[in-house]
Each structure stands twice: as C-alpha cells, then as structure tokens.
There are 2 protein chains.
Amino acid sequence: MTAQPLSTRGQQATMLAADYAPQPSIDALLALTAPGMDRVNAVILDRMQSEIPLIPELANHLISSGGKRLRPMLTVASAGLLDYAGDAQYALAAAVEFIHTATLLHDDVVDGSDMRRGKAAANIIFGNPATVLVGDYLFSRSFELMVEAGSLRVLEILARASAIIAEGEVDQLTAQRKVETSEEHYLQIIEAKTAALFAAACRISAVAAGRSAAEEQALDDYGRYLGVAFQLVDDAIDYDSESQEMGKGKGDDFRDGKMTLPVILAYAAGTPEEQQFWRDAIAGFRTEDEDLAEAVAIIARHGTVEATRQRAADYAQKAMDALSIFPDSPMRRAMQEAALFSVARRY
Amino acid sequence: MTAQPLSTRGQQATMLAADYAPQPSIDALLALTAPGMDRVNAVILDRMQSEIPLIPELANHLISSGGKRLRPMLTVASAGLLDYAGDAQYALAAAVEFIHTATLLHDDVVDGSDMRRGKAAANIIFGNPATVLVGDYLFSRSFELMVEAGSLRVLEILARASAIIAEGEVDQLTAQRKVETSEEHYLQIIEAKTAALFAAACRISAVAAGRSAAEEQALDDYGRYLGVAFQLVDDAIDYDSESQEMGKGKGDDFRDGKMTLPVILAYAAGTPEEQQFWRDAIAGFRTEDEDLAEAVAIIARHGTVEATRQRAADYAQKAMDALSIFPDSPMRRAMQEAALFSVARRY
C-alpha cells in the first residue's frame, strides 16, 4: 500500500495502478480476512473427513500443501466489503475451495503432472483412481455445504460455474497441441477454467448479503478480471527466464503442448524458423530441456512474457475499477491491491 | 406379470415372490413409465449439449449405448405411484441419470476397463483426461437441473447420495485385492456405491410431491433394497457359468481383485487349496483365462452364485414389502415385479 491512497471514502474515485508502491502486496487482504479464514479453514477440515481413511488422507495432501486459498478468501473479502457478517459466508467459502480442490485433483490426472505446489502430485502418490474419486467426494461435499447455506441462487451460480470450468478444461484439452490456437480462443479458455470460479466466489457473497444486482455484477466483474489476470501471470511465469521458484514443474505447459499467451504472441511475431520450432514443439517433438531453453530464449527475444504481464495488468486495472461502485474502505483497498499483486508476483 | 395378482387395490397385502410367474419381466414398468421417460430423455439430450463438441460426443457415447436408464425410471415410477404429475420429476430424473453417467465415466478411468455395455469404454476411445472432465461436466449439469427443480431438500438428498457414492467407490478401491474382506464390509460398499442412488432416485419423487416422511422412507427403502439386489445379481453374473452375454468384460471383477459376494462365500467355504487359489488370484497372480475358469469352477462347486442370487431375492422381497404402505395399483405391481426381475435376469 502507498501511504496515502488518492481515493477516499465516498469519492468513488477509480484507483489506479500508479497509486500503489512498486511492490504491491497481498498482506493487507490476508490480514483483513484472517479471522474469517480461520472459520473457513475449520469448516474445510471438518468437512473433508470421512469414515474411509483414504479420503481425508488424500484430500489433506493437497489442502495442507500451502495453497493460498485465494478463492475462498475472495468470498470472505467480498462479504467484508459488503459489511455482511452472516455465517453463510464460511460454508460458501469452504464450498468454493472444495470445488477448486476437486478441480486440481482431476487436473493432476488430466495433465499427468508429477508435481503440484512443489510436492509430488496426488495421483503420483495415491494413483489415478483414488485421485478421481476423492475429487468427486469433495465436489459432492461442496454441494452439501451450499445446501446448508440455504440459497438456491448460490447453488445456481456455483453449479453453473462448475459446468463452465469443466467446459473450459475440455476446451483446453481440445486446443492442446494446436499451434493455431487464437488469442481470443485462449482468453475464452482461461475465462472458463479459471476466471468463472473467481467471479462466482465473489458474487455469492453479494447474494448471501442480499445486495443489488449492480453490486452482484460489480463483484462478479472484479473476480472475473482478477481471475484472468491471475491465469495470464501463471502462464507468463512458466516461460519467465527470471523465475526461480515455480511451485509447479517448470515447462509443464511447454511439454504438454498448451498454447498459452506467451507462446501465441511469440508464434505470431516469429520468424519462419521460429514458427517451425513452435509447430514442432507444440506438436510434441521438442520436449528436452534444451528445447525448453530455446523456447524461453525465443520468448525473451520477442518480450512476450512482458506483453502477457501487460495484458494481465490491464485486467487487474479493470478488476480495480469494478470495485469503484463501493465506498472506499480498507477492504476495498486491500482487494484492489491484491489485483496488482496478482500481476506483480514472480512465483 | 401373472394373469391374476393376488393383491388388489386397497388390500395393502404384501406381494410375495410366489405370486409371480417364473419369468418376471420389467415390461410393465417400461410401459407405464414410457411417456415420462420420453420427456426425461428429451431433457437428457438437451442438457448434455455444450459448445465444446467433444462434450456431447463423449457423453453421447455412453448415454446412447443402450443403458436401461433404470435410475431415472425409478424417479418417474415413484412419481407415478404417488399420482404426482408435476414437471419437476423430469428434470430430477435427468439429474439422477447424469450423476449415474458421471459415475460410470469415472469408473471407466478407475477400473481401466476396456469394455462397457458391450462397447469400448469411453476412456479407451477418448482418453482418461476427457473422460474425467466430461464426467465433471455432467455432474455439474445434474446440480443445475436440481436447482431448476427448485427444492433444497432434493438437492440435499442428491448431494448426500453423491458423496456416499464416492465414499463407497473409495472404500471398494481400498478393499480391492484384500481376500479378507468380510460380507458385512462388502454389503456396506454396495449400499454406498449402488443402492444410495437407487434410494435417492425414488425418495426425491416423494419430496417433489410433498408426501409424508413415511412415504418418503418407504420409497427410499424400496430403492435401497432394489439397489442391493441389483448389485448382488451383477456380481453373481460375473461368475455365472451359464451367462453368455455380460454387457461388460466377463471376469473384470476377478482380474481387478474385487471381493464380491460369490468369492467371499466361496473363500469362506473353501478347502485350504481353494483358499490359497483365492489368495493368489485376488492378489493379482492369477489373471489368465484358465484361472478365471478355475474360479468359476470353484464357485460352481460351492454354489455361491446361487447363494448370492438367494441373498438378492431376500432384498428384492424387502423392496416389494416396502411398497405395501401404498395402495395397490398397476404402478405398484410393476415396481414390485421389477424387483423380482432384477434378481431373475441373466445378463
């Protein structure tokens, strides 16, 4: 945070990226949501239990592995922004995290990754069958939590988001190894597979709080733009020559032949030789470490990691703007700074 | 159907297996539910669509492959039994089928089966990743359908059933290759992985129709006992030396080292040599066709396929009895005969 944010309560001013110090942080959001997140974490730990010991064991492998719990934090933050203190937010935030965890478990099976968050992926330790089934269990539990919260509209929003996530994942699978994937198509994919749950996580707090359609939409917009920014930066980091710590196996996207924005832009700007390299690499004929090094070098030459980060910064700005209908408050500023942080982060 | 069923309207008599001809049929149930199932099928076809072409393609592979749609049929039949004509039953029946289809798709990945219903399994044609994700899509769509039906209690029942199914599947996975699995544990597994959805499919019609707790429970009991009977017979058929047509790869349970009732009973009654055979086979050291032939021979010697069928007949009788609180009607008789059919079937 800067010492003196320009926007003040009631002024409705749009906060600009330039209002912040060069190193935005997520610390303010973490601090403001900490009491709520304690309650969310208690729900998560309670509801991942089962009489079948393998279920909490496998679920805990992922849930305790240092994930940021960003999505449930957005639910709690949105509730705070609206001065909504109802208990429903904790069950709903836990439901959001369970949907996300189920998605990650199934992604591990889908991607065949060896690593997730610096640990062996669940399917490597527990096998594909258990990983698929515990994902299903958490997904079912998430709907049980939503039922307890008692709002059909929330169920509608999260069921729809879940369907959109699955569609986005299938879409990404279909686009895999296709070098001609357009930037527009890529943005559709990440809006579905990532941003839809961010948007829903924020919107449901407005529903639980009984707020207006405009406030619901503003929170949905904030979450959606933040989710796109977040995914763009994730995809940039995978090719960032400066990044040291990935939290996932570096070069996974490259080896899986996923067309992410740094590659899409580099392919579009590439020389005929570079385009041939990308065609071969995305098709799966260039999977060695030296091939990844060449990919990173080409991308550095065209500056497409920076271009991707710039695109992310534009979305982060839109996310910040979306909150301008709410009066200024510590939570609003923390949520806006979190959008900047999502772009500035290097890991 | 026999020409003259003994029980008549208002008599509340329990229908006994002996009241039926030797070859009970599901034809009466099919005929009575046909108009409703036309509407259910229209919902299914409508809601499995997506702009991502692979989704309907993969979903249709399973949905059009001649499954009996027994579970949604139970929802429609239960509605008919209660003289409930509301439209919610069609969305709910489709939701039940989507949950079942999602489970089958994930089972294909879990079991690694090559065949399902006489066709190549979805994961063999489309791969594990797409199969997992389309299962997730259908699961999400099922909750969207439930939301449209507008009952939180129905959502609670089906979300709970989904969690129980996943628990049962993980439990089965944990018990796999363990020759010491008890009959009690096996029954717990099949109650969870199979009977819970049968029970929910029936119960939700009573909820939609606004009926009493006793009527809800009676339909739940009917579905649960029918589901256990159904699964017992499925497991018997896998070792039935007379069965020709399996609809799934014969001997799958054997090769997967699943402890089903025919094996549990044969192991308990076995000679020391036979017990050694089972230990080796369930541990995965006997997977050839001649080993399966030996398993079938041992089971035939101890008559445990017949014993399993007898156990199923007991459950079918309980299912029939559960309906005795409802007045006699063509639908009640058709549902009772379906319970007998579930035991008598050879495929």
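Any value given below was found using the heavy atoms of this structure, including those in side chains, with hydrogens, waters and symmetry copies removed. So you know, we letter chains A, B, ... as the sequences are listed, proteins then strands, and number each from 1.
- Using the six-membered ring where Trp is involved, A/Phe143 and B/Phe143 have ring planes that are parallel, under 30° apart on the 30 and 60° scheme.
- Screening B/Val109, B/Leu173, B/Thr103 for a side-chain contact (heavy atoms from CB on, under 4.5 Å) with A/Leu133, the sole residue that qualifies is B/Leu173.
- When B/Gly168, B/Ala166, B/Gly135, B/Ala102 are compared by the number of non-hydrogen pairs under 4.5 Å with chain A, B/Ala166 comes out ahead.
- Within the 4.5 angstrom heavy-atom criterion, only side-chain atoms of A/Thr174, from C-beta onward, approach chain B.
- Among B/Thr131, B/Leu152, B/Asp111, the residue making the largest number of heavy-atom pairs under 4.5 Å with chain A is B/Leu152.
- Residue A/Glu148: no heavy atom, backbone or side chain, is found under 4.5 Å from chain B.
- Scanning both residues, B/Ala159 and A/Ser140, for their nearest heavy atoms gives O-CB, 3.9 Å.
- Nearest heavy-atom pair, A/Asp136 versus B/His106, reported as atom, atom and distance to 0.1 Å: OD2-ND1, 2.7 Å.
- Considering B/Val132, B/Asn128, B/Leu105, B/Asp107 as possible partners of A/Val132, the one that fulfils the side-chain contact (heavy atoms from CB on, under 4.5 Å) test is B/Val132.
- Top candidate by heavy-atom pairs under 4.5 Å with chain A, chosen from B/Leu158, B/Leu58, B/Ile99, B/Ile55, is B/Ile55.
- Comparing B/Ala163, B/Ala130, B/Ala161 by heavy-atom pairs within less than 4.5 Å of chain A, the highest count is held by B/Ala163.
- Residue B/Arg160 holds its CZ atom at 5.0 Å from CD of A/Glu144, rounded to the nearest 0.5 Å.
- The residue among B/Glu156, B/Glu167, B/Met146, B/Glu169 with the most heavy atom pairs within less than 4.5 Å of chain A is B/Glu167.
- For residues 188-197 of chain A, a heavy-atom distance under 4.5 Å to chain B picks out no residue at all.
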